Amino acid sequence: MKRLFVLLFSFLTLTAFAEAPVEGGEFQPGDMITHHIADDYTWHFADGAVLYLPVILVDNGEFKVFSSHNFYDENHETVPYNGYALAHGHIARVDEAGESLEAHGGLYDFSITKNVASMFISVALLFVVFFLIAGRYKNNPKAAPRGIQSFFEPIIIFIRDEIAKANIGPKYERYMPYLLTVFFFIWFNNLLGLMPGGANLTGNIAVTLVLALITLLITVFSGNKSYWKHIFATPGVPTWLAPIMIPVELIGILTKPFSLMVRLFANITAGHIIILSLFSLIFIFRSIAVGPLSVAFATFMNFLELFVALLQAYIFTLLSAMYFGGAVEEHDHADEHH
Amino acid sequence: MELVTPGIGLLFWQTVTFLIVLFLLGKFAWKPIMSALNERETSIENALSAAEKAKLEMQALKADNEKLLAEARMERDKILKEASEAANSIVETSKQKANEEGARMIAQAREAIENEKRAAITEVKNMAASLSLEIAEQILKRELSDKTAQQTLAQDYIREVTLN
């Protein structure tokens with residue numbers, strides 16, 4: 001078992017260094033790590049096993065779809081293609097000579113990047129798992145759960161009872177689809193990100209931004225009278241404080257999802273950085289003796305990250321539920337409390 | 001800075017994909033799962049409450065039975081008591097009646113005896129009287145067969161009469 005893990009992690013390191021940019025022969029851990037946690041137009045599973053993902057560009061309203069393979073020559077060096085080239089991990093317009101142009105306006109990049117592809121895989125996995133489970137429930141709803149169903153049922157019940165019911169109250173049912181979806185989406189993607197060669201999807205600010213934004217929108221649109229009253233006329237606060245209180249409360253609406261966004265992004269990215277850094281130690285010290293130590297620490301970190309993957313999905317779901325709960329809560333005795 | 005700059009492509013794909021996932025899972029996974037869970041929980045709850053109710057009913061039934069039994073026992077005791085009382089009273093009454101009857105019969109017998117006795121005495125008296133008379137007649141017949149004797153007797157009577 002232990003050997004298997006060592007093999008697993010050496011595989012992870014292999015893929016890490018297969019694409020590590022080595023500038024002037026000197027190993028640059030910073031570059032390697034940044035490259036690894038950032039998005040990419042290709043998916044390196046191992047050296048030689050590279051999946052070139054499709055590039056989709058909208059250039060001044062014009063769709064351009066081609067394979068990212070076009071950006072690489074046979075030596076795996078980046079080359080310009082059709083007026084575009086990869087520059088610092090992004091696609092930029094270039095002139096005939098391959099020099100990048102300053103004008104970026106009107107160029108939008110909707111490529112199926114490594115993150116997007118990884119997300120599609122996670123979505124396919126979500127569909128397979130939960131449609132299978134749903135089928136079991138549909139066929140015999142009163143039977144005891146079995147197999148994969150009995151693994152997920154306690155989690156679903158936990159989300160319903162401990163997260164939704166406990167924090168939202170009687171109107172919890174409306175929010176269950178979102179809470180369940182966001183929990184399993186984050187969890188699955190966190191786990192996929194821990195796989196060797198996996199993408200850092202939930203550690204990408206765009207992904208966490210969208211998730212947090214949906215939580216924000218649901219919160220704002222389900223806000224009842226007392227929710228808005230607490231923002232625009234906080235009970236028990238003198239009216240002359242309103243010019244201070246209202247902006248503070250409005251900022252408060254935004255800081256909640258902002259914290260959601262940053263928390264998930266930072267936690268997952270930090271985990272990836274730590275594991276990659278531990279492997280980098282071997283190459284920084286240029287000694288095989290560091291290897292076992294590095295692998296031991298990385299193994300420990302990976303286990304920790306397995307836990308963090310679940311924890312962060314739980315925290316995101318829990319806090320979302322708390323924000324929804326705050327929005328639908330009835331403050332019948334609000335004045336007595338303040 | 002690169003790390004915290006959201007890319008438009010991923011923003012777009014994430015939004016689209018997540019909304020589709022939310023919709024599809026919500027419609028085809030969470031809805032049946034949640035309703036099945038609720039259904040199962042309701043049925044379990046119902047079964048439990050039904051069992052509890054049945055238990056209570058059983059207890060009530062048992063208590064009822066016991067009450068009935070106790071009542072029956074009491075009834076039986078009462079009936080027995082009443083019967084024995086009735087028997088006693090019957091015996092008592094009959095005893096009394098017998099006593100009374102006896103007493104009455106004794107009294108009657110005594111009266112009859114008295115009557116008989118009286119009748120017997122009267123008869124004896126009468127018999128004695130008639131016998132005396134007969135004897136006297138016989139004696140007189142014999143005594144008065146001769147003249148002297150008759151005179152003597154007459155004289156005796158006269159004497160007696162004068163004495164009176």
Side-chain angles (χ1 to χ4, degrees), chain A residues 34 37-39 56-57 88-90 108-113 115-116 119-120 122-123 126-127 129-138 140-145 149 152-153 156-157 160 173 176-182 184-185 201 203-211 213-214 262 265 269, chain B residues 1-70:
Chain A
T34 314
I37 58 178
D39 212 349
I56 302 168
L57 294 175
H88 308 293
H90 287 288
Y108 299 107
D109 182 3
F110 292 105
S111 301
I112 308 294
T113 56
N115 275 338
V116 178
M119 176 166 66
F120 287 166
S122 77
V123 167
L126 279 169
F127 282 160
V129 168
F130 289 106
F131 286 161
L132 186 83
I133 293 175
R136 290 248 181 94
Y137 279 106
K138 242 186 266 182
N140 37 1
K142 283 179 187 169
Q149 188 188 7
F152 282 104
E153 188 179 299
I156 294 171
I157 289 175
R160 187 192 63 182
E173 238 160 306
M176 279 311 290
Y178 175 68
L179 294 175
L180 287 167
T181 310
V182 88
F184 287 111
F185 184 86
L201 184 73
N204 189 296
I205 197 91
V207 171
T208 59
L209 172 69
V210 170
L211 294 176
L213 204 63
I214 295 173
V262 172
F265 156 75
T269 302
Chain B
M1 218 36 219
E2 164 70 32
L3 215 55
V4 290
T5 315
I8 182 141
L10 195 52
L11 276 178
F12 168 77
W13 287 113
Q14 164 69 12
T15 310
V16 170
T17 315
F18 188 80
L19 290 179
I20 291 171
V21 170
L22 182 59
F23 173 75
L24 288 179
L25 281 185
K27 198 165 163 58
F28 300 112
W30 306 135
K31 209 172 146 192
I33 290 173
M34 295 307 291
S35 68
L37 284 178
N38 280 341
E39 199 181 317
R40 192 200 297 161
E41 271 160 24
T42 327
S43 86
I44 289 171
E45 231 161 75
N46 284 346
L48 282 178
S49 70
E52 189 65 24
K53 223 173 102 185
K55 204 173 126 195
L56 285 178
E57 260 170 24
M58 276 297 290
Q59 270 172 355
L61 217 66
K62 215 173 136 195
D64 261 10
N65 278 350
E66 242 146 59
K67 216 176 103 194
L68 271 174
L69 212 68

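To find a chain, count down the sequence lines: A is the first, B the second, and so on, and within it residues start at 1. It should be emphasised that the depicted structure is a prediction, and the values quoted were computed from it without experimental measurement.
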Check: Between A:Leu209 and B:Pro6, what is the shortest heavy-atom contact and its length?
Finding: CD2-CG, 4.0 Å
Notebook entry, point to check: Tell me, side chain or backbone of A:Leu213 under 4.5 Å from chain B's heavy atoms, or both, or neither?
Noted result: neither
Note to self: Heavy-atom pairs under 4.5 Å with chain B: which of A:Gly135, A:Gly203, A:Pro145, A:Ala38 has the most?
What the structure shows: A:Pro145
Next item on the list: Please state whether the side chain, the backbone, both or neither of A:Ile156 comes within less than 4.5 Å of a heavy atom of chain B.
Entry: side chain
Check: With only heavy atoms counted, which part of A:Phe185 is less than 4.5 Å from chain B, the side chain, the backbone, both or neither?
Finding: side chain
Note to self: So for A:Thr208, is it side chain, backbone, both, or neither that comes closer than 4.5 Å to the heavy atoms of chain B?
What the structure shows: neither
Check: Which of the residues A:Leu211, A:Val262, A:Thr269 is involved in the greatest number of heavy-atom pairs with chain B at under 4.5 angstrom?
Finding: A:Leu211
Item checked: Nearest heavy-atom neighbours spanning A:Ala134 and B:Ala29 -> CB-CA, 3.6 Å
Checklist line | With sequence neighbours excluded, residues passing side chain to side chain contact (heavy atoms under 4.5 Å, CB included) with B:Ile8 | finding: A:Tyr108, A:Phe110
Next item on the list: Can you tell which part of A:Asp39 gets under 4.5 Å to a heavy atom of chain B, answering side chain, backbone, both or neither?
Entry: side chain
Next item on the list: Would you list the pairs meeting side chain to side chain donor-acceptor pair (under 3.5 Å) in which at least one residue belongs to residues 26-38 of chain B, sequence neighbours left out?
Entry: A:Arg160-B:Asn38, A:Thr181-B:Trp30
Checklist line | Residue A:Val182 versus chain B: region with a heavy atom under 4.5 Å | finding: both
Margin query: At a heavy-atom distance under 4.5 Å, which candidate from A:Ile56, A:Ile112, A:Leu201 has the highest pair count against chain B?
Written below: A:Ile112
Margin query: For residues 44-54 of chain B, give me every residue with a non-hydrogen atom less than 4.5 Å from any non-hydrogen atom of chain A.
Written below: none
Next item on the list: Calculate, to the nearest 0.5 Å, the distance between atoms CG and CD1 belonging to B:Leu10 and A:Ile205 respectively.
Entry: 11.0 Å
Item checked: Which portion of A:Phe265 sits near chain B, non-hydrogen atoms under 4.5 angstrom -> side chain
Note to self: Which residues in residues 11-26 of chain B have any heavy atom closer than 4.5 Å to a heavy atom of chain A?
What the structure shows: B:Leu11, B:Phe12, B:Trp13, B:Gln14, B:Thr15, B:Thr17, B:Phe18, B:Leu19, B:Val21, B:Leu22, B:Leu24, B:Leu25, B:Gly26
Next item on the list: Start with the C-alpha gap between A:Glu153 and B:Ile33, add the side-chain angles, then the distance that decides, and say whether side chain to side chain contact (heavy atoms under 4.5 Å, CB included) holds.
Entry: CA-CA 9 Å; A:Glu153 188 179 299; B:Ile33 290 173; over 6 Å; no
Checklist line | Side chain, backbone, both or neither of A:Leu132 within contact of chain B (heavy atoms, under 4.5 Å) | finding: neither
Notebook entry, point to check: Going through the checks in order, is the side chain to side chain contact (heavy atoms under 4.5 Å, CB included) test met by B:Thr5 and A:His90?
Noted result: CA-CA 12 Å; B:Thr5 315; A:His90 287 288; over 6 Å; no
Notebook entry, point to check: Can you tell me how far the OH atom of A:Tyr137 sits from the CZ atom of B:Arg40, to the nearest 0.5 Å?
Noted result: 5.0 Å
